[in-house]
2 protein chains.
Amino acid sequence: MDKALLSGSTAMLLLKLLEEQDMYGYQMIETLARRSDHTFDLKAGTLYPLLHTLEERGDIEAYLEGEGSTRPRRYYRLTAAGRGKLREKEQEWRQYVGAVEQVLRGGECLA
Amino acid sequence: MDKALLSGSTAMLLLKLLEEQDMYGYQMIETLARRSDHTFDLKAGTLYPLLHTLEERGDIEAYLEGEGSTRPRRYYRLTAAGRGKLREKEQEWRQYVGAVEQVLRGGECLA
DNA sequence: CCTATATATGTAGATTATCTATATAGTACA
DNA sequence: TGTACTATATAGATAATCTACATATATAGG
């Protein structure tokens, strides 16, 4: 699988996961891998910096769960702004896929 | 339009165009723009280096047309190897799109 | 005639998103 | 005891795009 194809849509996928339920980083990696039949095996070194960027932009918010315990997890929740971003990105995605399909469909519609 | 989404699929689109007919660089930019309703407005600075790379890899071959005239055009043709690459990339593309759709479809199929 | 725009190809440098590798540390199992 | 899995994080490398610049011909309008 060419990793370059993933470029640009990772943030959309993460926001989508968080729209369904709050999650921590490692859980997102697992969920994406499972749901995509391992087409997306996001690396930790890709995910965590991306989460930090999304948090800085105000698209997601972090909170610690199980703070007293030995291993607190850093959960993320989608903000209202993040929900808007998700809608935008979904629309862009549809447009992009449609455009590629139109090229692949080929000469029939050369106009 | 987020340019990052384009990443990785540009080569596939160019190979596809050349499968239909031989083309020169500028013509590919125009054809992609027209056929995608300007979702893909590939820049010259993106296209030409990419064409050179594809040529080095043996996926496409160049030849000059109108060599005597004032402005000869550099046409490209798809090689047998390039045709194979195109089939591979199309398959990867289908898999990638399917995986994204499965994530966007959401919690219904969390398994 | 001159100038701006379109055609046509090309290179250099910046940006961005991914990757790999490394670091740290608790938990589970053999 | 040690190996693998869970969990988060940073640093540096790689790859693909972009913008900006460079060059040159053709065409259309003032």
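Chain A is the first sequence line, chain B the second, and so forth, proteins listed ahead of strands; every chain is numbered from 1.
- Summarising the geometry, the separation between CZ on A/R57 and C1' on C/dT16 is reported as 10 Å, rounded to the nearest angstrom.
- If you run side chain to side chain contact (heavy atoms under 4.5 Å, CB included) between A/M28 and each of A/L18, A/L13, A/L50, only A/L18 comes through.
- Listed nucleotides: D/dC18, C/dG10, D/dT8. Nearest to the side chain of B/A44: C/dG10.
- Nearest nucleotide to the side chain of B/L50, out of C/dT7, C/dT9, D/dT17: D/dT17.
- Regarding B/L5, its CG atom lies at a distance of 14 Å from the C1' atom of C/dT18, rounded to whole Å.
- Between the OH atom of A/Y48 and the P atom of C/dC19 there is a distance of 14 Å, given to the nearest Å.
- Among the nucleotides D/dT19, C/dT7, C/dG10, the one closest to the side chain of B/H52 is C/dG10.
- If you measure from atom CG of B/L51 to atom C1' of C/dT9, you get 10 Å, rounded to the nearest angstrom.
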Could you pull out the protein-nucleic contacts involving nucleotides 27-29 of chain C (nitrogen or oxygen on both sides, under 3.5 Å)?
{"from": "C/dT27", "atom 1": "OP1", "to": "A/T70", "atom 2": "OG1", "distance (Å)": "2.5"}

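- Side chains of B/E61 and B/T79: a donor-acceptor N/O pair is absent below 3.5 angstrom, by distance only.
- A donor-acceptor pair under 3.5 Å links the side-chain atoms of A/K43 to the main chain of A/D41, judged by distance alone.
- Judged purely by atom type and a 3.5 angstrom limit, B/T31 uses its side chain to pair as donor or acceptor with the backbone of B/Q27.
- When rounded to the nearest whole Å, the span between CD1 of B/I60 and C1' of C/dT9 equals 14 Å.
- When heavy atoms are screened at a 4.0 angstrom cut-off, A/G45 is found touching base atoms of the nucleic acid.
- Straight-line distance from the CG atom of B/L47 to the C1' atom of D/dC18: 14 Å, rounded to whole Å.
- At least one donor-acceptor pair closer than 3.5 Å links the side chain of A/H52 to the backbone N or O of A/Y48.
- When the C1' atom of D/dT17 is taken as reference, atom CG of B/L13 falls 14 Å away, rounded to whole Å.
- No donor-acceptor contact under 3.5 angstrom links the side chains of A/Y96 and A/S9, judged on distance only.
- Of the candidates C/dG10, D/dT8, C/dT18, C/dT18 carries the atom nearest the A/L6 side chain, counting heavy atoms from C-beta on.
- Considering only the side chain of B/E30, C/dT7 comes nearest among D/dA9, D/dT10, C/dT7.
- B/R74 has its CZ atom 15 Å from the C1' atom of C/dT11, to the nearest Å.
- Base engagement by A/T46 is indicated by at least one non-hydrogen atom pair under 4.0 Å involving a base atom.
- Distance from the side chain of B/T10 is smallest for D/dT17 among the nucleotides C/dG10, D/dA9, D/dT17.
- In this structure, the ring-ring contact (aromatic ring centres under 6.0 Å, His included) partners of B/Y24, at least two apart in sequence or on a different chain, are B/Y75.
- For A/K43, whose side chain is taken as the heavy atoms from C-beta onward, the closest listed nucleotide among C/dG10, C/dT20, D/dA9 is C/dT20.
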